[in-house]
2 protein chains.
Amino acid sequence: MRTKDEEKERLILESALSIIAKTGLAGLRMSDLAKEAKLATGTVYIYFKDKDQLVRKLYLYLMRTTTSDLSSGIQPDDSIKSKIKKISHNYLLDSILKPQKSIFFEQYFRSPFFHETESVLNEEDQILQPIYQLVLEGQRQDIIKKVNPDLIVTIVCGMLESVAKTAVYTDKIVSDSEWELIFGIVWDAIKS
Amino acid sequence: MRTKDEEKERLILESALSIIAKTGLAGLRMSDLAKEAKLATGTVYIYFKDKDQLVRKLYLYLMRTTTSDLSSGIQPDDSIKSKIKKISHNYLLDSILKPQKSIFFEQYFRSPFFHETESVLNEEDQILQPIYQLVLEGQRQDIIKKVNPDLIVTIVCGMLESVAKTAVYTDKIVSDSEWELIFGIVWDAIKS
DNA sequence: TTTTGAAATGAATAAATATTCATTTAACTT
DNA sequence: AAGTTAAATGAATATTTATTCATTTCAAAA
């Protein structure tokens with residue numbers, strides 16, 4: 001007998017993501033999705049109960065792949081500043097390289113698919129946890145402004161996201177020298 | 001004879017905005033919209049040709065009301081720093097007080113209703129023009145970092161928007177003392 | 001090689017939603 | 001006060017889109 005292809009689930013999710021990034025959730029049609037994935041509409045329903053479940057699964061799928069490696073490349077004995085620099089760089093690159101993901105989350109949280117019962121903030125907290133810890137440590141060492149660490153994290157992420165958004169929109173990469181400039185601004189903002 | 005109520009057009013647009021802010025464009029239903037506006041569904045079609053036109057008109061309507069008064073309260077002989085402080089405060093308050101507007105734009109630009117032909121960036125440029133001018137003037141006076149002024153504007157707006165988003169989400173107002181803290185961070189980021 | 005059972009298909013059907021229109025209501029005119 | 005006209009209504013209809021299912025295809029087991 002034929003066997004269910006595990007890859008096909010991913011394929012469908014990625015196709016959905018691609019359509020949603022282009023047209024928003026309002027533009028997601030099961031038939032278009034099937035076409036994008038080069039499957040018959042019916043096939044989609046073998047892997048997902050219905051549209052609702054598909055979108056929710058996509059949310060979980062992206063959540064899982066996000067929590068990954070903001071901290072990659074950071075050495076335990078780096079200085080706080082260079083740790084923050086690296087983590088900020090990772091955050092920026094992540095936002096630039098996977099713009100579809102940010103678009104999806106933006107859409108999902110304002111959609112009929114999202115119910116308050118789901119704990120967004122907790123999940124988000126989870127992702128930002130490593131940044132938060134670094135800020136705390138920096139404050140302990142008197143290097144970072146002694147204001148509400150949540151505010152610091154919020155502001156830094158806001159800066160980086162807006163830079164990423166512009167970079168994606170104008171289709172430009174961020175060169176090393178530009179990154180130096182940008183991090184200079186970020187650091188001046190938060191250093192004590 | 002009965003006369004067409006000019007206010008009713010606004011009422012319908014505001015109702016649509018309110019629903020879209022809650023459920024995203026994917027959740028906008030003409031029947032719900034009519035209910036929200038306390039009208040019969042048919043009535044909506046007296047004022048708007050179809051759903052498509054309604055959403056586009058809402059876009060234009062919000063565009064018009066946005067371009068308003070970021071510069072309010074600014075005196076010609078204020079210092080550059082205090083001008084930037086005031087304009088940043090206006091921007092923050094605008095984002096906090098009219099969160100529905102930001103949500104709508106977020107949704108619209110990723111929807112089937114939006115076609116590339118519409119010049120988004122131009123419009124956005126228009127709105128940010130006063131901020132841009134202040135940054136230029138600050139750079140001339142050697143007060144602001146001499147980097148690409150677009151980058152400065154992008155970063156400042158990013159910071160303020162993320163603060164606004166958090167404020168709206170957690171339903172907290174930004175007190176005067178918090179604003180002093182926040183602007184301190186903004187200013188440190190961009191001052192030379 | 002044949003049998004078997006689940007995967008895949010896509011046209012047919014169901015469900016959701018947009019739009020129309022015959023009818024009613026309200027305001028203005030004569 | 002009666003007549004007139006456009007706005008308002010909302011049930012009926014049209015359209016779009018989700019979902020099903022009878023049929024076919026494929027790959028593994030016998």
Side-chain angles (χ1 to χ4, degrees), chain A residues 1-61 104 107-108 110-115, chain B residues 1-61 104 107-108 110-115:
Chain A
M1 71 162 188
R2 247 165 143 172
T3 67
K4 215 162 167 178
D5 182 357
E6 197 48 46
E7 266 310 286
K8 208 153 280 179
E9 193 169 315
R10 261 182 64 96
L11 168 67
I12 293 171
L13 291 176
E14 291 287 347
S15 304
L17 178 60
S18 162
I19 290 178
I20 293 167
K22 278 196 287 256
T23 68
L25 269 166
L28 179 65
R29 235 138 272 146
M30 296 303 268
S31 51
D32 292 349
L33 165 56
K35 197 180 293 171
E36 173 91 15
K38 293 182 174 147
L39 298 171
T41 23
T43 310
V44 176
Y45 285 86
I46 293 172
Y47 291 86
F48 300 92
K49 189 175 144 286
D50 54 20
K51 186 177 176 180
D52 198 84
Q53 196 200 66
L54 169 67
V55 174
R56 287 166 200 289
K57 283 268 174 72
L58 178 54
Y59 169 66
L60 293 173
Y61 168 71
F104 175 81
Q107 293 277 321
Y108 184 75
R110 307 287 181 196
S111 77
F113 300 99
F114 171 65
H115 296 307
Chain B
M1 69 157 191
R2 249 167 143 170
T3 67
K4 216 163 167 177
D5 183 356
E6 198 46 47
E7 266 309 285
K8 207 154 279 178
E9 193 169 315
R10 262 182 65 97
L11 168 67
I12 293 170
L13 290 175
E14 291 287 346
S15 304
L17 178 60
S18 162
I19 290 178
I20 292 167
K22 279 197 287 256
T23 69
L25 268 166
L28 179 65
R29 235 137 272 144
M30 295 305 268
S31 50
D32 292 349
L33 166 56
K35 198 181 290 171
E36 173 89 16
K38 291 182 175 147
L39 297 170
T41 23
T43 311
V44 175
Y45 285 86
I46 294 171
Y47 291 86
F48 300 93
K49 185 175 146 287
D50 56 20
K51 187 177 175 179
D52 198 84
Q53 195 199 67
L54 168 68
V55 174
R56 287 166 199 287
K57 283 269 173 75
L58 177 54
Y59 169 66
L60 294 173
Y61 168 72
F104 174 82
Q107 292 278 322
Y108 185 75
R110 307 288 180 194
S111 77
F113 299 99
F114 171 65
H115 296 306

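The sequence lines fix the lettering, A, B, ..., with proteins before strands; numbering per chain opens at 1. On a predicted model such as this, the values are computed, not experimentally measured, just so you know.
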Of all heavy-atom pairs linking A:Phe48 and A:Gln53, the shortest is CA-OE1, 3.6 Å
At under 4.0 Å between heavy atoms, what does A:Phe48 touch on the DNA or RNA strands: base, sugar-phosphate, or nothing? nothing
By a strict heavy-atom criterion of less than 4.0 Å, which residues belonging to residues 16-26 of chain B are in contact with DNA chain D? none
Whole angstrom is fine here: how far is it from NZ in B:Lys38 over to P in D:dA8? 16 Å
Separation of D:dA6 C1' from B:Ile46 CD1 (nearest whole Å): 9 Å
A:Arg10: salt bridge (Lys or Arg N to Asp or Glu O under 4.0 Å) partners, not counting sequence neighbours: A:Glu7
With sequence neighbours left out, write down each residue that passes salt bridge (Lys or Arg N to Asp or Glu O under 4.0 Å) with B:Asp52, or none if nothing qualifies. B:Arg56
Within the structure, does a side-chain N or O atom of B:Lys8 lie under 4.0 Å from either OP1 or OP2 of D:dA8? yes
In this structure, CZ of B:Phe104 is separated from CG of B:Leu13 (nearest 0.5 Å) by 9.5 Å
Taken to the nearest 0.5 Å, the spacing of A:Glu9 CD from A:Leu58 CG works out to 11.0 Å
Taking all heavy atoms of B:Tyr108 and all of B:Phe114, pick out the closest pair and write down the distance. O-CB, 3.0 Å
Mind listing the side-chain donor-acceptor pairs of residues 21-42 of chain A below 3.5 Å, one per line with the distance, residues two or more places apart or on another chain?
| residue | atom | partner | partner atom | Å |
| --- | --- | --- | --- | --- |
| A:Thr23 | OG1 | A:Ile19 | O | 3.0 |
| A:Arg29 | NH2 | A:Ala26 | O | 3.4 |
| A:Glu36 | OE2 | A:Ser18 | OG | 3.4 |

I need the CD-P distance between B:Gln53 and C:dA18, as an integer number of Å. 16 Å
Residue-phosphate contact under 4.0 Å: B:Tyr47 side-chain N/O, D:dA8 OP1/OP2: yes
Using a 4.0 Å cut-off on protein heavy atoms (strictly under), produce a 5'-to-3' string for nucleotides 17-30 of chain D with B for base contact, S for backbone-only sugar-phosphate contact, and - for none. SSBB----BBBB--
Once you round it to whole Å, what is the distance between C1' of C:dA8 and CD1 of A:Ile12? 11 Å
Who pairs with B:Glu14 by side chain to side chain donor-acceptor pair (under 3.5 Å), at least two apart in sequence or on another chain? B:Tyr61
By nearest atom, which of the nucleotides C:dA8, D:dA8, C:dG10 is closest to the A:Ala40 side chain? C:dG10
Can you spot which of B:Thr43, B:Ile46, B:Leu54 makes a side-chain contact (heavy atoms from CB on, under 4.5 Å) with B:Ile12? B:Leu54
